[in-house]
Participant: 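Here's a structure for you.
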Amino acid sequence: MLHDRVRALLLCGLLGTLVGCTGADPERSPGEPAPGAAGIGDDYYPNAGNGGYDATGYDVSISYDPANGRLDGDTTVTARATQDLSRFNLDLRGLTVDSVEVDGGRAEFAREGDSELVVTPPEPVPEGSTFRTRVRYGGTPVDASAGQLGDNGWQRTPSGGAFALGEPHSAAYWYPVNEHPLDKAPFRLTTRVPEEWTAVSIGRQENTSTADGWTTTTWAEPNPVASYLTTVVIDRFTVERGELADGTPVLSAYAPGAAHLRDEGERVGEVIDFLSGEFGEYPQAVAGGIYLGADVGFSLETQGRPTYTRSADLETVVHELAHQWWGNAVSVRSWADICLNECLASYSQWLWAEGKQGDDLDARYHRAVDRFTGSQEFWSRKLYDMGPGHEFEGVYSKGILAVHALRRQIGEEAFDRVLREFPARHQDGNASWPQFEDFAARVAGQDLGGFFEAWFRGTEQPADEYLYPGSLSG
Ligand code: TRP
Ligand code: ZN
């Protein structure tokens, strides 16, 4: 799902007078079908996502054999055209496409660059209509690429299994997708693996059956999900099931080599209770976790059921579950907004320390500021619009201090309201960091322009008036 107004704003911001904002595209007459854009309009990743349609549902089906590493896929993407489409793109990396059908008719297709699948339907798709694109494909998924942002994509596990994980990009390594958080949609997955293996994904586990040595399982995530928050993990799992107090199903899957994470896994209900007290009702349909036996460099807040690296700890669990509000219920509009996810999820670790251990957060804050005073490196990291490849550099450290300073700047009552109301008001949708700033200023009834400039856009230690607001000045 994608809000047209959001896209219009993004496109107009990016392309200015070129397209659709101030007038008609001179290249085409009105009503004439045209190709959908190859990217959704994110400055950082111009080819990420696509234009011309809004995905409304994914029905992904994969068969995977760890013995030979081969994946066979059959995926149907349901979407609504937002313009008259002569052709459109999906994102898909590697894998060989065998056929594409649009509404049951054979479509032409071509691959462009390393992420574009260009589909030409037999008839143009009229604006406003819902259409279904079925892609049959297969091969050995491309190995996750070690970029500036770690290994993102498809990887093997130490026990010979496999998984898809990565932010901003991982979904296109295993299914055709409009790969950008602006286009969230419900997600269904059918997995088929040899019976000695178990596949685990996000969403509710529905049916599972074994025949001829293969186990087939279906997974259904009813809430709109950003594609980087989907995953599939195939391993020799030990699976535990339970329920939260309100009946939300919990599924925790421990890979060989992740047995030491059981204590953390068993505290998911307690953590969700705590966070619900801070951020409002738990916004996801399921809970639990997927615990990997490998060190993969990061854990990821896959929707409802985060995926954890071997070295995760209880703080990681708090962080990934906080993302279920910050990042998952409300998702970024563009990757420049990543602080909306990470600064808030990281601050939840402080809230936990305060609420559960009675830590004095002002004292923590002063210790951190004293330690980093004079560190050019620490303060130079921007928290908003930090540039592609730099998304995660400041948000976990400077980001926590910035949120604590904001809390002291606007006071407890306004801060609580912001934490509860912002994710709820944007649930299942998107928001930008500047929208968060505007909301905080409105709730607080303060002009926070200077404060936000100094902390989130600045590259130097904020001036004392912003560094020591409220009780921090004592
Ligand atoms: N969003 C993830 C988390 O905070 C972390 C993450 C994903 C990450 N990719 C990354 C961190 C790359 C650093 C670099 O839980
Ligand atoms: Zn995070």
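All values below come from the heavy atoms of this structure, side chains included, with hydrogens, waters and symmetry mates left out. First listed ligand is number 1; within each ligand, the first listed atom is number 1.
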Participant: Applying a strict 4.0 Å limit to heavy atoms, is His323 in contact with ligand 1?
Facilitator: yes

Participant: Between Tyr228 and His169, does a side chain to side chain donor-acceptor pair (under 3.5 Å) hold up when you go through it step by step?
Facilitator: CA-CA 6 Å; Tyr228 75 98; His169 304 123; over 6 Å; no

Participant: Tell me whether Glu393 is salt-bridged to Lys398, with the criterion being a basic N under 4.0 Å from an acidic carboxylate O.
Facilitator: no

Participant: Would you please classify the geometry between the Trp335 ring and the His180 ring as parallel, tilted or perpendicular, with 30° and 60° separating the classes?
Facilitator: perpendicular

Participant: Is it the case that Ser159 and Asp235 place a side-chain donor and acceptor less than 3.5 Å from each other?
Facilitator: yes

Participant: Show which atoms of ligand 1 fall inside a sub-4.0 Å distance from at least one heavy-atom site of Glu320.
Facilitator: 3 (C), 15 (O)

Participant: Which is the closest N/O/S atom of Glu342 when seen from the Zn ion (ligand 2)?
Facilitator: OE1

Participant: I'd like to check which ligand 1 atoms, numbered from 1 as shown, lie under 4.0 Å from a non-hydrogen atom of His319.
Facilitator: 3 (C), 4 (O), 15 (O)

Participant: Taking the cut-offs as 6.0 angstrom to the six-membered ring centre and 45 degrees off its axis, would you call Arg188 and Trp219 a cation-pi pair?
Facilitator: no

Participant: Is the closest heavy atom of Gly150 to ligand 1 under 4.0 Å?
Facilitator: no

Participant: Any atoms of ligand 1 less than 4.0 Å from a non-hydrogen atom of Glu301? List them with their elements.
Facilitator: 1 (N), 2 (C), 3 (C), 15 (O)

Participant: Taking the Zn ion (ligand 2) as the vertex, measure the angle between atom NE2 in His319 and atom NE2 in His323; round to 10°.
Facilitator: 100°

Participant: Starting from atom 14 (C) of ligand 1, find the nearest protein heavy-atom neighbour and note its residue, name and distance.
Facilitator: Phe392 CD1, 3.6 Å

Participant: Tell me the protein heavy atom at minimum distance from atom 5 (C) of ligand 1, and give that distance in Å.
Facilitator: Tyr396 OH, 3.2 Å

Participant: Are Glu116 and Arg111 close enough for a salt bridge, meaning some N to O gap below 4.0 Å?
Facilitator: no

Participant: Near Leu149, which atoms of ligand 1 are under 4.0 Å from a heavy atom of that residue?
Facilitator: 12 (C)

Participant: Could you tell me whether Pro306 approaches ligand 1 through its side chain, its backbone, both or neither, with non-hydrogen atoms closer than 4.0 Å?
Facilitator: neither

Participant: Looking at Tyr64 versus Trp154, is the centre-to-centre ring distance below 6.0 Å?
Facilitator: yes

Participant: Assign the ring pair Tyr58 / Phe187 to parallel, tilted or perpendicular, where the plane angle (0 to 90°) is split at 30° and 60°.
Facilitator: tilted

